[in-house]
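Notes follow once the structure below has been shown.
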Amino acid sequence: MLDLSRRAAVVTGATGNLGASVVRMFLERGAHVALPVRDLAKAESLRASLGDLAGTALEPHLIAETADPGDRAAMDAFVERVLRAWGRLDILANLAGGFASGSALEFDLMQDVWEQNVRTAVNATAACVRPMRARGYGRIVTVGAAASLKARKNGAPYAMAKGALVRWTEALAEELKTEGITANVVMPSTIDHPANRAAMPKADPKTWVSPEELASIIAYLASDEASGVTGAAIPVTART
């Protein structure tokens with residue numbers, strides 16, 4: 001099992017469909033995990049589901065506070081609170097995002113999806129990179145989508161935003177590669193979660209990517225063992 005016991009991680013989008021699996025996997029591997037969330041009640045529900053993995057009030061392994069990942073000032077303040085609590089920040093998992101379908105001519109919709117996926121990743125990363133640079137160590141993992149490789153009809157808003165994350169990750173990796181910080185993006189096909197099952201009732205979810213499968217890849221990219229992997233866009237297609 002990968003050892004993250006000396007690491008502190010920030011996970012955005014932790015109350016979404018993938019978040020619980022990533023947070024649990026990080027905690028099971030010994031990491032301390034901080035969650036900037038918009039809905040604190042959902043974060044508390046997640047904490048309750050984690051039981052002893054979340055730690056105690058005196059020695060928390062999980063902290064959650066209200067902060068919008070798309071708001072740079074809010075994320076700067078959140079990172080300062082993480083540093084006060086644990087004295088370090090080593091890992092950022094950019095899970096925050098959103099999906100919408102629509103015409104390639106609907107710019108306002110494209111802008112909304114861009115804000116949900118790109119703005120959150122860039123601003124959260126900008127806030128977290130500062131302490132990573134100070135220590136000369138960091139792991140940044142962003143969740144993209146297989147849709148970034150090939151857009152379909154009515155898929156322009158999502159494909160455009162997720163495609164931008166691939167190019168952004170490549171540029172970010174080049175910018176940070178001499179500073180001990182890696183940056184990678186995973187590109188899953190359909191993830192098996194309740195919203196997708198409801199939207200595609202005739203599909204076979206056994207062929208989809210399970211949250212645990214994707215979380216295990218994210219955990220590897222967040223580990224010391226993945227020091228040689230940076231600037232990579234990794235397809236995760238499971239059985240599709």
Side-chain angles (χ1 to χ4, degrees), residues 10-14 16-19 21-22 69-70 91-126 128-129 138-177 181-193 195-197 199-200 203 205 207-222 226 229-240:
V10 167
V11 179
T12 72
N17 292 310
L18 177 61
S21 295
V22 173
I91 299 164
L92 169 63
N94 282 313
L95 276 53
F99 173 83
S101 60
S103 169
L105 305 176
E106 295 183 50
F107 180 78
D108 288 346
L109 179 59
M110 292 181 194
Q111 190 170 33
D112 288 344
V113 178
W114 183 277
E115 291 285 310
Q116 294 174 56
N117 291 277
V118 181
R119 183 183 181 89
T120 52
V122 174
N123 280 335
T125 301
C128 292
V129 157
R139 299 285 184 267
I140 301 163
V141 188
T142 300
V143 176
S148 63
L149 300 175
K150 176 65 175 178
R152 299 179 179 180
K153 182 180 179 180
N154 293 323
Y158 190 64
M160 180 178 172
K162 292 301 190 180
L165 289 176
V166 174
R167 299 285 86 84
W168 170 75
T169 297
E170 291 169 348
L172 180 67
E174 285 295 311
E175 191 170 330
L176 299 174
K177 67 182 181 181
I181 303 169
T182 66
N184 295 287
V185 57
V186 293
M187 302 183 299
S189 54
T190 305
I191 302 173
D192 185 7
H193 57 66
N196 279 338
R197 290 195 177 209
M200 294 174 278
T207 67
W208 297 347
V209 180
S210 74
E212 293 75 20
E213 287 173 328
L214 189 53
S216 68
I217 296 169
I218 293 170
Y220 170 70
L221 293 171
V229 184
T230 193
I234 302 171
V236 185
T237 57
R239 292 145 295 278
T240 54

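Only heavy atoms go into these numbers, but all of them, side chains included; no hydrogens, no water, no symmetry mates.
At least one donor-acceptor pair under 3.5 Å links the side chain of E106 to the backbone N or O of S103. Formation of a donor-acceptor pair under 3.5 Å by the K162 side chain with backbone atoms of V143 is found in this model. Judged by distance alone, with hydrogens and angles left aside, the side-chain atoms of R239 form a donor-acceptor pair with the main-chain N or O of W208 at under 3.5 Å. T230 places no side-chain N or O within 3.5 Å of a backbone atom of A173 that could act as its donor or acceptor partner. One N or O on the side chain of N123 and one on the backbone of G70 form a donor-acceptor pair closer than 3.5 Å.
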Stepwise, does the side chain to side chain contact (heavy atoms under 4.5 Å, CB included) test hold for V129 with I140?
-> CA-CA 9 Å; V129 157; I140 301 163; 3.8 Å; yes
Begin with the C-alpha distance, continue with both residues' side-chain angles, and end with the deciding distance and a verdict on side-chain hydrogen bond (donor to acceptor under 3.5 Å, both in side chains) for T125 and N94.
-> CA-CA 8 Å; T125 301; N94 282 313; 3.1 Å; yes
Check the pair L172 / I181 against side chain to side chain contact (heavy atoms under 4.5 Å, CB included), numbers first and verdict last.
-> CA-CA 10 Å; L172 180 67; I181 303 169; over 6 Å; no
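The closest side-chain heavy-atom distance from I91 to V11 is not below 4.5 Å. For the pair L214 and L18, the minimum side-chain heavy-atom distance is below 4.5 Å. With contacts defined as side-chain heavy-atom distances shorter than 4.5 Å, the pair V236/M187 does not qualify.
Minimum heavy-atom separation, R139 to L221: CD-O, 3.3 Å. Minimum interatomic distance between V141 and A222 (heavy atoms only, all atoms of both residues): CG2-N, 4.2 Å. In this structure, A232 and V229 approach most closely via the heavy-atom pair CB-CG1, 3.9 Å. Residues G231 and N184 approach most closely at N-OD1, 3.3 Å, considering heavy atoms. When all heavy atoms are compared, the tightest approach of L95 to T12 is CB-O, 2.9 Å. When all heavy atoms of G98 and V113 are compared, the pair lying nearest together is O-CG1, 4.0 Å.
Expressed to the nearest 0.5 Å, how far CD1 of I191 lies from OG of S210 amounts to 9.5 Å. Distance check: T120 OG1 to W114 CH2 gives 11.5 Å after rounding to the nearest 0.5 Å. The CE atom of M160 lies 9.5 Å from the CD atom of Q111; values are rounded to the nearest 0.5 Å. Distance check: W168 CH2 to T142 OG1 gives 4.5 Å after rounding to the nearest 0.5 Å.
Side-chain contact, N154 with S101: no donor N or O sits under 3.5 Å from an acceptor N or O.
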